Structures are given as structure tokens and as C-alpha cells.
Amino acid sequence: MLDMSMFRDHADVIRSDHDRRGIPHDSIDEVIRLDGEWRKSRYEADQLRKERNDAARGIAEAKKSGDEAAANAILSEVADIGAKIDELAAYSDECLLKRDSLRMGIPNILHEDVPVGEDDQKNTLHSLHGEKPEFGFEPRNHNDLIDMNGWVDQARGAKVAGSRFYFMQGDLARLEMALQQYGADFLMDRGYTLVQPPLMMNREAYEGVTDLSDFETVMYGIDPDKYYLIATSEHPLTAMRMDEIIEPSELPIKIVGVSPCFRREVGAHGLSDRGIWRVHQFTKVEQIVICKPDDSWDHHEELLGNAIGLWDSLGLHYRVVNICTGDMGTVAAKKYDLEAWLPGAGAYKEVVSCSNCTDYQANRLRMRYRTSEGNSAVHTLNSTAIATSRTLVAIMEQCQNEDGSVSVPEVLRPYLGKNALESL
RNA sequence: GCCGAGGUCGCAUAGCCCGGUAUUGCGCGGGCCUGGAAAGCCCGUGGGAUCUUUCCCUCGCGAGUUCAAAUCUCGCCCUCGGCGCCA
């Protein structure tokens with residue numbers, strides 16, 4: 001959510017950002033109008049409240065000196081003031097509520113480096129990493145590899161839960177655990193604190209960190225308790241400090257979170273999605289930074305650097321892209337994706353997403369830090385380190401052998417105690 | 001699940017019985033003092049509006065009673081403690 005000062009003093013910045021995104025200005029104008037209405041009615045109600053408070057003080061004085069007649073005189077003068085205040089207050093509350101629910105839907109201001117374009121075809125190449133693997137045979141896609149090795153039981157996953165649920169088993173499950181451990185160790189070495197978050201959140205906290213439409217398409221809701229299963233540990237870990245005023249000495253807060261992630265994946269179907277590339281549940285090692293506004297762009301590059309260091313150490317081939325305006329979403333001001341090469345699919349596909357959300361989440365979460373000029377919103381950033389299911393797919397496809405076995409990346413061998421994944 | 005206690009400004013606290021301007025300490029920021037510091041003293045330290053001067057709101061949340069609610073009434077949420085159940 002953008003700060004109100006943006007609408008009052010720099011509406012032109014929001015308008016030109018909407019132009020870059022190719023969306024209309026209606027909501028901006030309406031927010032500004034409602035803000036004016038709110039301020040006006042709020043001021044009038046405040047004046048009436050002042051009258052009432054003055055009268056109440058007068059009555060208190062009169063009663064203290066035993067002058068009942070004077071007290072009653074004041075009382076009759078202000079008899080109907082309460083009703084007037086209620087009426088104005090109801091109107092001003094309504095304006096405020098409308099203003100802010102509209103404001104929640106207005107996206108963050110994009111960084112100037114964000115390329116303009118309508119969809120992911122217009123994302124720009126940032127860098128290429130690792131060697132594209134060459135095979136002396138026709139490489140298989142990961143779905144064939146998990147089937148022939150018995151590593152994932154999709155049919156029984158569908159039976160006990162539903163489509164896109166799965167049982168992961170044997171050496172692939174061991175590799176999954178190794179990735180979690182390795183990813184967490186990698187980031188702890190770089191000064192990040194390991195945190196395991198709650199896997200469910202309440203609505204209020206969740207609204208602080210995500211696009212509202214995600215409640216329909218992404219998150220699972222748990223009734224009757226009104227909880228939501230987290231779609232990523234970014235959500236609880238960012239909301240962790242909501243409603244807090246953070247001492248500057250605590251900043252930057254650097255966290256590595258490890259958790260299962262739950263996603264409805266509404267609308268995703270099709271043969272190309274078979275396997276574990278797009279599933280309802282996976283585990284993710286996530287990087288989180290909460291910092292002072294002036295430092296956030298440096299931290300954004302740091303998070304990208306960590307992801308690159310981690311993926312380079314796995315020996316995989318991938319590229320980094322700079323996400324364009326049309327592919328950006330509501331919350332981030334700038335986003336890099338890492339896209340791993342999948343030889344079986346013959347394409348680069350998204351495995352890491354690295355975002356600077358500036359003060360957008362912090363404003364909604366009322367998450368501030370203390371400065372000598374008062375309290376000011378912090379900036380929040382997040383980046384995938386390892387999304388296990390997709391990393392497993394990249395490893396399977398890039399490190400596969402002709403017999404269908406899969407070589408384990410060097411750095412993971414100590415965690416598994418073997419050099420290749422064996423079939424079940 | 002049952003019983004009990006509690007939720008007040010960044011933290012800690014007083015006020016609640018008996019309705020009438022949110023108390024004090026710590027921390028933090030600024031100032032005075034100093035060669036410099038410490039100590040001491042003074043001011044500030046939640047949100048908002050504003051004619052820049054003042055005003056309004058804020059005591060877990062919401063309703064009610066009242067001229068007036070941190071304070072009284074009702075409902076809800078959360079935390080802590082005890083008991084029960086439990087990986």
C-alpha cells in the first residue's frame with residue numbers, strides 16, 4: 001500500500017507509474033477525492049467534539065462548585081451535539097474505509113530500471129550462468145525420470161488428496177531434505193538467522209503482505225478457524241514485525257526461512273504441467289530482509305547475489321531476467337527471476353524470484369523504525385533460495401544420465417552420502 | 001476442554017473499586033552545562049487534521065449506558081498461570 005503522502009503530494013508519480021503499467025488512473029483520482037471528503041468531514045466532526053469537550057468541562061466545573069443550574073444550562077445547549085457528531089463520524093469513517101480499500105488495490109511504484117512490456121516475453125536478460133549441459137543421448141523430461149525411478153507417486157497423491165498432490169519417496173525425498181539443509185546452511189554462513197514460521201496465518205496479517213486477489217487464487221483457507229495456509233514463508237516472516245516500531249540498531253533483519261508452501265494453483269492444467277513442477281505443496285528455503293529505506297536497493301542486489309552464489313554452487317545452468325512492468329504484480333517495485341535450463345522441456349523456467357517490495361508491505365503492516373525525525377516505514381525484501389520441487393526438477397533434468405539415474409551435485413553429496421540417485 | 005488472572009504511549013508501570021485533561025520510571029532524540037565527556041537540569045518522544053496555531057482521536061476489539069468512559073455494563077479476541085488431554 002502506498003503512503004497517503006504519495007497521493008497528496010506526488011500524485012503525478014503514481015499516474016506516470018500507471019502509464020508505464022498501462023492501467024487507468026480512475027482509482028488514483030477516487031482515492032484523492034475520498035481523502036478530501038474524509039479530511040473535510042473529519043475536521044468538522046473534530047470541531048463539534050471540541051464544543052462537546054468544552055461543555056463537558058464546563059459541566060464538571062459547575063458541578064464541582066455546586067451550581068446545578070449552570071450545569072443544566074450548558075447541558076441543554078449541547079443536548080443534540082452527540083447525534084450530529086455520530087452522523088459526521090459515520091460519514092467520515094465510510095470515506096476513510098473506501099479510500100483505503102481502494103488504496104490497497106493500487107500497485108507499488110516501480111523502479112526506473114523495470115523494463116516496459118505487457119507480459120513475460122518482454123522480460124530482459126540480466127545474465128547467464130553455468131554451462132548448458134550437453135548429452136550424448138536424448139535427455140528425458142523430469143516426469144519420465146520420476147516415473148521410471150519410482151521417486152514420485154502421483155496417482156496415490158491424487159487418490160488421498162487430489163490432483164497435483166504427490167508422495168515423494170526414496171532418494172529423491174532424501175535429495176529434497178539435503179537441499180533444505182544445504183540452502184539453510186549456505187545462508188546461515190552469510191549471516192542469515194534460521195527461522196521456522198507458523199504455517200497458517202490470520203486474515204489481517206495476511207492482508208499486509210499479499211495482493212488481495214491471492215485469497216481467491218493462491219491461498220487455501222482453513223474453516224471454521226479462519227486461517228490461511230501460507231503460500232510461502234515470505235508471508236509470515238515479513239508480517240512477523242507487524243505493528244512494531246523497530247529499533248534502528250536491529251536493522252537490517254536478515255532471515256532464512258524454511259517451510260512447506262501451499263498453493264491452490266487455480267486454473268493451472270494441462271499435460272505440460274505433469275510431474276512436480278507445479279504442485280499444491282512444496283518446501284522452500286527463503287531469504288528475507290527488513291531494512292532502512294536507503295539500504296534496500298543494495299540488499300536487493302545482495303539477495304540476488306546469494307541466489308546466484310547458491311545456484312552456481314549447485315553447478316546448474318540458468319539465466320537471470322529483469323521482470324518487466326506487465327509481469328510484475330502489485331507488491332514488488334523490482335523483481336529478478338532466476339530461470340533454470342530444463343533440457344527435457346527445452347526451455348528456461350522460473351525457479352527463483354527476488355523482489356524489493358520497498359515500503360509497500362511495511363505500510364500495510366504498520367511496520368516502522370525509529371528515526372530522529374519520527375517513525376518511518378521500513379523496506380521489505382524477499383527472495384527464493386531453493387524451491388525444492390523446482391530445484392529437484394532442474395537437477396534431475398540437467399544431471400541425468402543415459403540409464404535414467406541422476407548424478408548428485410558435488411556440494412550435496414556430503415548430505416546424502418552418495419553420488420547418484422538410485423531408483424526405488 | 002475446564003478454572004483463574006491479565007491486556008494502558010518503544011519497554012515497564014500508576015489510574016479502574018468511587019466516570020470528569022494519560023501518571024511515573026527506563027530507553028531514545030534535542031538543548032543547557034563542559035576543554036571533552038559523565039552526572040545533573042530542561043524540552044520532546046502513538047495516530048490524524050489544521051487557518052501553524054490549536055484541535056481531535058488513542059488505554060486489546062466492538063457495542064451499550066452517559067453531557068462526559070481507560071474507569072460502569074454486555075459480547076468478542078488474545079496472552080499468561082493451574083487442571084485435563086496429547087506428539
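Only heavy atoms go into these numbers, but all of them, side chains included; no hydrogens, no water, no symmetry mates. These numbers were taken from a predicted model, which means no experiment stands behind them. Protein chains get the first letters and strands the later ones, always in sequence-line order, with residue 1 at the start of each.
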Euclidean distance, atom [atom1] of residue [X] to atom [atom2] of [N] [Å, nearest integer]:
X	N	atom1	atom2	value
Asp100(A)	G47(B)	CG	P	16 Å
Tyr369(A)	C28(B)	OH	P	18 Å
Glu51(A)	A68(B)	CD	P	14 Å
Met201(A)	C77(B)	CE	P	20 Å
Glu244(A)	G27(B)	CD	C1'	16 Å

For [X], is the [atom1] atom crowded, meaning more than 12 foreign heavy atoms sit under 6.0 Å from it?
X	atom1	answer
Met201(A)	CE	yes
Gln47(A)	CD	yes
Glu301(A)	CD	yes

Pairs of donor and acceptor atoms involving the side chains of residues 182-189 of chain A, under 3.5 Å and at least two apart or interchain, shall be tabulated with distances.
unit_1    : atom_1 : unit_2    : atom_2 : d
Tyr182(A) : OH     : Ser313(A) : OG     : 2.5
Asp185(A) : OD1    : Gln181(A) : NE2    : 3.4
Asp185(A) : OD2    : Tyr415(A) : OH     : 2.7

>> Run the salt bridge (charged side-chain N to carboxylate O under 4.0 Å, His left out) test on Arg413(A) and Glu410(A) for me, step by step, so that the C-alpha distance in whole Å, both residues' side-chain angles and the decisive distance to 0.1 Å come before the verdict.
In response: CA-CA 5 Å; Arg413(A) 290 178 186 178; Glu410(A) 289 278 350; 3.5 Å; yes

Taking only the [atom1] atom of each, what is the distance from [N] to [M] in whole angstrom?
N	M	atom1	value
A12(B)	C61(B)	C1'	24 Å
A87(B)	C16(B)	P	48 Å
A68(B)	U21(B)	C1'	12 Å
C83(B)	U13(B)	P	25 Å
C72(B)	C9(B)	C1'	25 Å
G20(B)	C28(B)	C1'	33 Å
G15(B)	U53(B)	P	39 Å
C55(B)	U23(B)	P	16 Å

> How is Arg203(A) classified with respect to the nucleic acid when contacts are heavy atoms under 4.0 Å: base, sugar-phosphate, or nothing?
Replying inline: nothing

Identity of whatever pairs with [N] - Watson-Crick or G-U, under 3.5 angstrom:
N	value
U52(B)	none
A37(B)	none
G44(B)	C28(B)
A68(B)	none
C76(B)	G60(B)
G19(B)	none
G1(B)	C83(B)

Rounded at 0.5 Å granularity, tell me how far [atom1] in [X] sits from [atom2] in [Y].
X	Y	atom1	atom2	value
Tyr91(A)	Lys40(A)	OH	NZ	7.0 Å
Leu365(A)	Arg241(A)	CG	CZ	12.5 Å
Ile253(A)	Ile246(A)	CD1	CD1	4.5 Å

> Which pairs count as ring pair (Phe, Tyr, Trp, His ring centres under 6.0 Å) when at least one residue sits in residues 222-250 of chain A, sequence neighbours excluded?
Replying inline: Tyr206(A)-His235(A), Phe215(A)-Tyr228(A)

>> Donor-acceptor check, side chain of Asn382(A) to backbone of Ile288(A), threshold 3.5 angstrom: yes or no?
In response: no

> Is there a donor-acceptor pair under 3.5 Å between the side chain of Glu397(A) and the backbone N or O of Gly344(A)?
Replying inline: yes

> So, is Asn53(A) near the phosphate of C56(B), with a side-chain N or O under 4.0 Å from OP1 or OP2?
Replying inline: yes

Are any protein N/O atoms closer than 3.5 Å to N/O atoms in nucleotides 6-13 of chain B? If there are, list each pair with its distance.
unit_1 : atom_1 : unit_2    : atom_2 : d
G10(B) : O4'    : Arg370(A) : NH2    : 2.9

> Please walk me through it: do Arg15(A) and Asp29(A) pass salt bridge (charged side-chain N to carboxylate O under 4.0 Å, His left out)?
Replying inline: CA-CA 9 Å; Arg15(A) 290 203 180 90; Asp29(A) 298 333; 2.9 Å; yes

> If the sugar-phosphate is the primed atoms plus P, OP1 and OP2 and the base is the rest, what is the B/S/- string for nucleotides 58-67 of chain B, using protein heavy atoms under 4.0 Å?
Replying inline: ---------B

> With sequence neighbours left out, what residues match Trp38(A) under ring pair (Phe, Tyr, Trp, His ring centres under 6.0 Å)?
Replying inline: none

> Looking at RNA chain B, which of residues 32-50 of chain A put a heavy atom within less than 4.0 Å of it?
Replying inline: Trp38(A), Arg39(A), Arg42(A), Tyr43(A), Asp46(A), Arg49(A), Lys50(A)

